[in-house]
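Keep in mind that this is a model prediction, so the values were computed, not measured.
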Amino acid sequence: MKIPPVLTALFALTVTVAFTGLVTIASAEELDGEETPELLGPLTRQEIEAAVPDWIEQEINSTPDLALAADLISALEDAEITVFMGTWCSDSKRELSRLWRAFDDLGIAESAAVSYIGVDRCKKEPRDLVDGVDLQYVPTFIVRRDGKELGRVVEESPVSIEADLLAILEAEKSGLVTAKPELLEDR
């Protein structure tokens, strides 16, 4: 029986965290009767999955479009995506789990072009990383090329996270991309 890479990484990270204490947990909040850790600052996928293992189940149940995901990976060659997310946030869980499943299915352990920043529930901390970002909702996927923002997917992707990120990278979409019409009215 082959062990999925997600579970292998989770085990390795759990052991690492147990010995090194690398995961920074700012606080534990009560959510749906369960404590959900609030991780802040730069994070790795492995740190997130170790702290909130129910995200792995969401990954397993996700069905990304692998052709679009492969095109997305190719388009990331000269770009970067910064994901502001909350480990406490169901929208972050849904969108990131789908993206991570696509990476797994394509045999990509992690993309160096994608970075993750955990924020608090007010989206104000860590202050040095959120100042000037105009962060109002999570997740917020900010797509940049040559340091210039091309667009962002906020809270819920209207098509799919892989399709909408690719559309931004290919200049088919720009600005705020979201499935929440009320967010567009705020602009």
Side-chain angles (χ1 to χ4, degrees), residues 13 17 20-32 34-55 58-59 72 75-76 78-100 102-103 110-158 160-162 164-169 173-187:
L13 180 65
V17 169
T20 65
L22 291 176
V23 175
T24 304
I25 300 178
S27 65
E29 296 291 332
E30 193 70 19
L31 184 65
D32 296 331
E34 296 179 17
E35 287 190 10
T36 302
E38 187 176 274
L39 304 182
L40 303 181
L43 299 168
T44 65
R45 173 183 174 179
Q46 292 78 20
E47 289 170 330
I48 297 164
E49 289 173 333
V52 244
D54 63 319
W55 283 38
Q58 181 82 24
E59 291 168 35
L72 171 63
L76 277 173
D78 63 343
E80 61 185 42
I81 299 172
T82 305
V83 183
F84 291 88
M85 46 78 61
T87 50
W88 42 267
C89 171
S90 62
D91 292 324
S92 294
K93 176 181 174 181
R94 180 192 60 247
E95 299 296 343
L96 279 171
S97 293
R98 182 180 177 101
L99 184 63
W100 291 341
F103 287 168
E110 193 69 34
S111 173
V114 183
S115 60
Y116 310 100
I117 299 174
V119 300
D120 69 346
R121 291 174 187 271
C122 296
K123 280 113 20 239
K124 301 292 182 203
E125 294 294 336
R127 185 174 313 279
D128 60 324
L129 297 175
V130 298
D131 278 352
V133 176
D134 189 26
L135 185 63
Q136 298 175 10
Y137 302 93
V138 291
T140 295
F141 293 74
I142 300 178
V143 181
R144 292 185 181 96
R145 184 175 282 128
D146 299 322
K148 181 180 180 226
E149 184 173 327
L150 303 177
R152 56 178 65 192
V153 178
V154 177
E155 199 169 82
E156 184 178 346
S157 181
S160 69
I161 195 62
E162 65 275 16
D164 291 322
L165 290 173
L166 179 61
I168 291 171
L169 286 164
K173 293 183 179 181
S174 63
L176 176 64
V177 177
T178 184
K180 305 276 186 163
E182 61 271 20
L183 300 185
L184 296 170
E185 294 169 6
D186 293 345
R187 296 277 174 181

Problem - Residue pair L169, L72: steps toward the side chain to side chain contact (heavy atoms under 4.5 Å, CB included) verdict - result: CA-CA 8 Å; L169 286 164; L72 171 63; 3.5 Å; yes
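- Note that the CZ atom of F141 and the CG atom of L165 stand 6.0 Å from one another [nearest 0.5 Å].
- Remark: of the listed residues I81, L135, V133, V83, V133 is the sole one forming a side-chain contact (heavy atoms from CB on, under 4.5 Å) with I142.
- The shortest side-chain heavy-atom distance between K180 and Y137 does not fall under the 4.5 Å cut-off.
- L129 pairs by the side chain to side chain contact (heavy atoms under 4.5 Å, CB included) definition with P42, I117, P126, not counting sequence neighbours.
- Results of the side-chain contact (heavy atoms from CB on, under 4.5 Å) test with C89 over L96, V138, V119 single out V138 as the only residue that passes.
- In plain terms, the two heavy atoms of R152 and I168 that are nearest each other are N-CD1, 3.8 Å.
- Residues passing the side chain to side chain contact (heavy atoms under 4.5 Å, CB included) test with V52, sequence neighbours excluded: T36, P37, I48, D54, W55, T87.
- For the side chain to side chain contact (heavy atoms under 4.5 Å, CB included) test, residues two or more places apart in sequence or in another chain that qualify with P158 are D164, K173, V177, A179.
- Closest heavy-atom contact between L40 and L43: O-CD2, 4.4 Å.
- Partners of S160 according to the side chain to side chain contact (heavy atoms under 4.5 Å, CB included) rule, which considers only residues two or more places apart in sequence or in another chain, are R98, E162, A163.
- Shortest non-hydrogen contact noted between D120 and W88 is O-CZ2, 3.4 Å.
- A salt bridge links E59 and R45; the closest N-O separation between the charged side-chain nitrogens and carboxylate oxygens is under 4.0 Å.
- With hydrogens and angles ignored, the 3.5 Å screen pairs no side-chain donor or acceptor of T82 with any backbone N or O of S115.
- Every residue two or more places apart in sequence or in another chain was checked for a salt bridge (Lys or Arg N to Asp or Glu O under 4.0 Å) with E80, and none qualifies.
- Counting heavy atoms from C-beta on, the side chains of M85 and E95 never come closer than 4.5 Å.
- A donor-acceptor pair under 3.5 Å is absent between the side-chain atoms of S174 and the main chain of L150, judged by distance alone.
- Without hydrogens or angle criteria, D91 side chain to P139 main chain gives no donor-acceptor distance under 3.5 Å.
- With hydrogens and angles ignored, the 3.5 Å screen pairs a side-chain donor or acceptor of E47 with a backbone N or O of T44.
- Taking both residues in full, the closest heavy atoms of A75 and R145 are given as O-NH2, 3.8 Å, listed atom of the first, atom of the second, then distance.
- No side-chain heavy atom of Q136 sits under 4.5 Å from any side-chain heavy atom of K123.
- Applying the ring-ring contact (aromatic ring centres under 6.0 Å, His included) test to Y116 and every residue at least two apart in sequence or in another chain returns W100.
- Other residues, nucleotides and ligands place more than 12 heavy atoms under 6.0 Å from the CG atom of D78.
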